[in-house]
There are 2 protein chains.
Amino acid sequence: MEEKEWKDWVHWVAEEYGLDLSKERVTEKQRRILEAAIHIFSEKGFEGASTSSIAKKAGVAEATIFKHYKTKKGLLLHLVIPALSRVVVPFILKPVVKILDTDKPLGEIIPELYEDRMKLVEQNWRKIQIILVESLYQPEIREAVQNHVATIIYEEVVERVDAWQKKGLIREDLPAYVVARSILSMGLGFIVTKNILPDKAVQEDQKTELSWTTEALLHGIAGPLEKKETL
Amino acid sequence: MEEKEWKDWVHWVAEEYGLDLSKERVTEKQRRILEAAIHIFSEKGFEGASTSSIAKKAGVAEATIFKHYKTKKGLLLHLVIPALSRVVVPFILKPVVKILDTDKPLGEIIPELYEDRMKLVEQNWRKIQIILVESLYQPEIREAVQNHVATIIYEEVVERVDAWQKKGLIREDLPAYVVARSILSMGLGFIVTKNILPDKAVQEDQKTELSWTTEALLHGIAGPLEKKETL
DNA sequence: CAGGTTGGTAATTAATCACTCACTTCCGCT
DNA sequence: AGCGGAAGTGAGTGATTAATTACCAACCTG
C-alpha cells in the first residue's frame with residue numbers, strides 16, 4: 001500500500017514541476033551537477049545556494065542545469081525524491097527480513113538495528129540534512145516526509161512491537177506506540193548527541209555505547225530505591 | 001563559570017559584527033522589525049528572507065533596518081543572542097531549584113520537568129527553529145549552541161543524575177552520561193514525534209503520554225521473557 | 001535658540017539572482 | 001554518409017538583492 005501512495009506522490013511532483021523521471025539515463029555532466037548540488041545545498045541551504053555556484057563547482061555551463069532540471073526547485077526535487085525512496089525502502093524492508101528469521105534476544109537485535117540504521121544515516125547525511133531543512137520551508141517535501149517516510153517507519157516499528165508483545169519480549173502494560181516511540185527516541189537521541197556533543201555524550205566505542213543504550217531502553221534507568229509506578 | 005563564557009561569546013560577536021548590545025532602549029519600530037524578522041526568517045529561512053519583505057511587514061523603511069542592525073546578519077544575531085540566553089538560563093537554573101527542595105520520586109519529577117521544558121520550547125518555537133537551522137550554516141551560531149547551550153544543559157543533567165545515583169534512585173551500573181542521554185533522548189523524541197506525527201505517535205492527553213514515557217524511561221520496555229543483560 | 005545627537009526615510013547603487021535564447025556539438029540510427 | 005534530436009553552451013535578460021547615500025524632523029542640553 002505504501003508503495004502505491006509513494007508512486008502517486010512522485011508522479012504528482014513530477015507533473016507539477018515538469019520533471020522527467022522516466023529516463024534513468026544520466027550523462028556524466030548531469031551526475032556532476034547533482035553531486036555539486038548536494039554539496040552546495042547542504043552547505044548553504046537551498047536559498048543560499050546560487051545556480052551559478054553549482055554550475056561552477058560541477059564544471060558546467062549554468063544553462064546546462066536549466067536544460068535538464070527546468071528550475072532550481074526542479075533540481076532540488078531531483079535530489080530529494082530518489083534520496084527519500086532510497087532511505088525509505090531499506091528502513092522499512094531490511095528490519096523485517098532481518099528480524100523474522102532470527103530468534104536472537106532483543107538485547108542483540110536492537111543494537112544491531114541501531115547500528116546499521118546509523119550507518120545508513122551517515123552515508124546519506126548531506127541529503128538527509130537537505131530534506132529535513134527544506135521540509136520546514138517547502139510544503140511538498142514536508143508532506144512527503146510526513147506521509148511517506150515518518151508514518152511508514154513508525155507504523156512498521158509499531159507492528160514489530162506488537163508482535164514482540166505477544167511473544168512476551170516487550171511489556172504489555174504500555175501501548176505499542178509508546179514503546180515504538182521510545183525505541184525511535186533512543187536511536188534519534190544517540191545520533192543527535194553523537195553529532196552535536198561528540199566527546200561529552202558518546203565517550204566509548206560505538207558498540208559499547210549502543211549496548212548501554214539498549215540496556216537503558218530495555219530495563220530502564222531507575223535504581224533500587226525508585227519504586228515502580230502502578231499502571 | 002558558564003556565565004562568564006557566555007558573556008565572552010556575546011562580547012566577541014558584538015565586536016565582530018559591530019552590534020550595539022549595550023543600549024537596551026528599543027523604539028517601537030525596532031520592536032516591530034524584530035518581530036517581523038522572527039516571522040519571516042522562520043517561514044523562509046535566513047537566505048530566503050529579503051530585508052525588503054521584513055521592512056514591509058514591519059511597516060518600516062528598509063533603510064531603518066540597516067540603521068539599527070548594520071547588516072542583515074546583524075539583524076539575525078540580534079534575534080539569536082537574546083533568544084539563546086533566554087532559553088539557556090531557565091533550562092539550566094529552573095530544574096536545580098525545583099529538584100533540590102523536593103523529595104518527590106523521579107516518577108513525578110521527570111514528567112513535570114518534561115512538561116515545563118516543552119512549554120518553553122513551544123513558546124519559543126520560531127526562534128528555536130531559526131537557531132537550529134542557522135546553526136547548520138553559520139559557524140558562530142553553531143559554536144554558541146554547542147558550547148553555550150547543549151554542553152551546559154547536558155552537564156547539568158549529568159550532575160543531577162550523578163546525585164540521584166548516589167541516592168539509589170538511578171542504576172549505578174550505567175555511566176551517568178548514558179543515563180543523561182536517555183533522559184534527554186526520550187524528551188526530544190516526544191517533542192519530535194508530537195510535531196511530525198501528531199495523531200500516530202501521541203494519542204492521549206499530554207499528562208498520560210508523559211507518564212507513560214517516564215515509565216518506559218525508568219523501568220524499560222522489556223517483557224518477562226527478555227532477560228536482563230549482565231553488565 | 002544654536003548645536004549636536006538620534007530616529008527615520010526616499011532614492012539610489014552595484015552586484016547578484018534565476019532563467020532564456022540562439023546557437024553549436026555530439027551521437028545513435030538508418 | 002547524413003539526418004534528427006538530445007546535450008551543452010556563451011552571452012545575455014529583467015528583476016531583485018543587501019547596502020549606502022544624503023537628507024529631514026524631533027529631540028534634548030546649555
Once you round it to whole Å, what is the distance between [atom2] of [N] and [atom1] of [X]?
| X | N | atom1 | atom2 | answer |
| --- | --- | --- | --- | --- |
| B:Arg32 | C:dG7 | CZ | P | 16 Å |
| B:Glu28 | D:dA26 | CD | P | 18 Å |
| B:Lys56 | C:dA10 | NZ | C1' | 17 Å |
| B:Ile54 | D:dA18 | CD1 | P | 8 Å |
| B:Lys44 | D:dA18 | NZ | P | 12 Å |
| B:Lys29 | D:dA26 | NZ | C1' | 13 Å |
| A:Tyr69 | D:dA7 | OH | C1' | 12 Å |

Partners meeting side-chain contact (heavy atoms from CB on, under 4.5 Å) with [X] (sequence neighbours left out):
| X | answer |
| --- | --- |
| A:Glu112 | A:Lys98, A:Lys104 |
| A:Glu159 | none |
| B:Ala58 | B:Arg32, B:Ile33, B:Ala36, B:Val60 |

Can you check nucleotides 17-24 of chain C for protein contacts, nitrogen or oxygen pairs under 3.5 Å, and list what you find?
from   : atom 1 : to      : atom 2 : distance (Å)
C:dA18 : OP1    : A:Ala49 : O      : 3.1
C:dA18 : OP1    : A:Lys72 : NZ     : 2.8
C:dA18 : OP2    : A:Thr51 : N      : 2.9
C:dA18 : OP2    : A:Thr51 : OG1    : 3.0
C:dC19 : OP2    : A:Lys72 : N      : 2.7

- How would you list, by chain and number, every residue that makes a side-chain hydrogen bond (donor to acceptor under 3.5 Å, both in side chains) with B:Asp205, sequence neighbours excluded?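 So B:Asp205 forms a side-chain hydrogen bond (donor to acceptor under 3.5 Å, both in side chains) with B:Thr208.
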- With sequence neighbours excluded, residues passing ring-ring contact (aromatic ring centres under 6.0 Å, His included) with B:Phe41: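 ring-ring contact (aromatic ring centres under 6.0 Å, His included) check on B:Phe41 returns B:Phe46.
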- Message: So, OP1 or OP2 of C:dT9: does either fall under 4.0 Å of a side-chain N or O from B:Thr64?
- Response: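 For C:dT9, OP1/OP2 do have a side-chain N/O of B:Thr64 under 4.0 Å.
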- Query: Under 4.0 Å: is that the gap between some side-chain N or O of B:His68 and OP1 or OP2 of C:dG8?
  - Reply: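 For B:His68, the contact criterion (side-chain N or O under 4.0 Å from OP1 or OP2 of C:dG8) is met.
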- Item | Pairwise distance CD(B:Glu115) to CD(B:Glu209) - rounded to 0.5 angstrom |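 Output value for this atom pair is 12.5 Å.
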